[in-house]
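Okay, so here's the structure we're looking at.
Everything quoted here is computed from the prediction, not taken from an experiment. Scope of the values below: all heavy atoms of this structure, side chains included, with no hydrogens, waters or symmetry mates. We count residues from 1, following the sequence as given.
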Amino acid sequence: LSGDVVLVVGNPSQPDGTHSSQIVMDTYKAAVYALAASNDLPLLDFVSIFVDWATANAAGYMYDVSHPKESGYAIKAQGYMDFINLAMTA
């Protein structure tokens, strides 16, 4: 890993009745993945770490439809630390 840019896909949010928030997140995630690939940039994907909102909520990580609880932020902090440690050893 090198450079000054790291792209991040945030934690999942709960889909509403029309699933528009999931469509937006899926579109955003695809765009960030394409940007990372086309520019050879590192990417940290919290949606993949949390799996999806229902899984994260059932595990007790979500405070509401889009914000993690303290335990969810702890997962994100660990993800950042793991990512930084990987970059430092590469």
Going by heavy atoms in the side chains, are Val6 and Leu41 under 4.5 Å from each other? no
Rounded to the nearest 0.5 Å, the CG atom of Asn57 sits from the OG atom of Ser13 at a distance of 12.0 Å
Quick one: does Ile49's side chain get under 4.5 Å of Lys76's, heavy atoms only? no
Do the side chains of Val8 and Leu43 get nearer than 4.5 Å, heavy atoms only? no
Please, which pairs that meet salt bridge (Lys or Arg N to Asp or Glu O under 4.0 Å) have at least one residue in residues 25-34, sequence neighbours excluded? Lys29-Asp45
Is there a side-chain contact between Asp52 and Thr55 (heavy atoms, below 4.5 Å)? yes
May I have all residue pairs that pass ring-ring contact (aromatic ring centres under 6.0 Å, His included) and include part of residues 36-63, sequence neighbours excluded? Phe46-Tyr80, Phe50-Tyr61
Is there a chain of hydrophobic side chains (I, L, V, M, F, W, Y, each step under 4.5 Å between heavy atoms) that links Met81 to Met88? no
Quick one, Met25 and Val47 - any side-chain contact, counting heavy atoms below 4.5 Å? yes
Smallest heavy-atom separation, Met62 atom then Lys69 atom, equals O-CE, 3.1 Å
Find out whether Leu35 and Leu7 are in side-chain contact, i.e. whether some heavy atom of one side chain is under 4.5 Å from a heavy atom of the other. yes
Ser71 and Gly60 have their tightest heavy-atom pair at OG-O, 2.9 Å
Hey, what do you get for CD (Gln78) to CG (Asn85), rounding to the nearest 0.5 Å? 8.0 Å
Say whether Tyr33 and Tyr28 are linked into one hydrophobic cluster, either directly or through other cluster members, by side-chain heavy-atom distances under 4.5 angstrom. yes
I need the minimum non-hydrogen distance between Pro42 and Phe83, along with the two atoms involved. CB-CZ, 3.5 Å
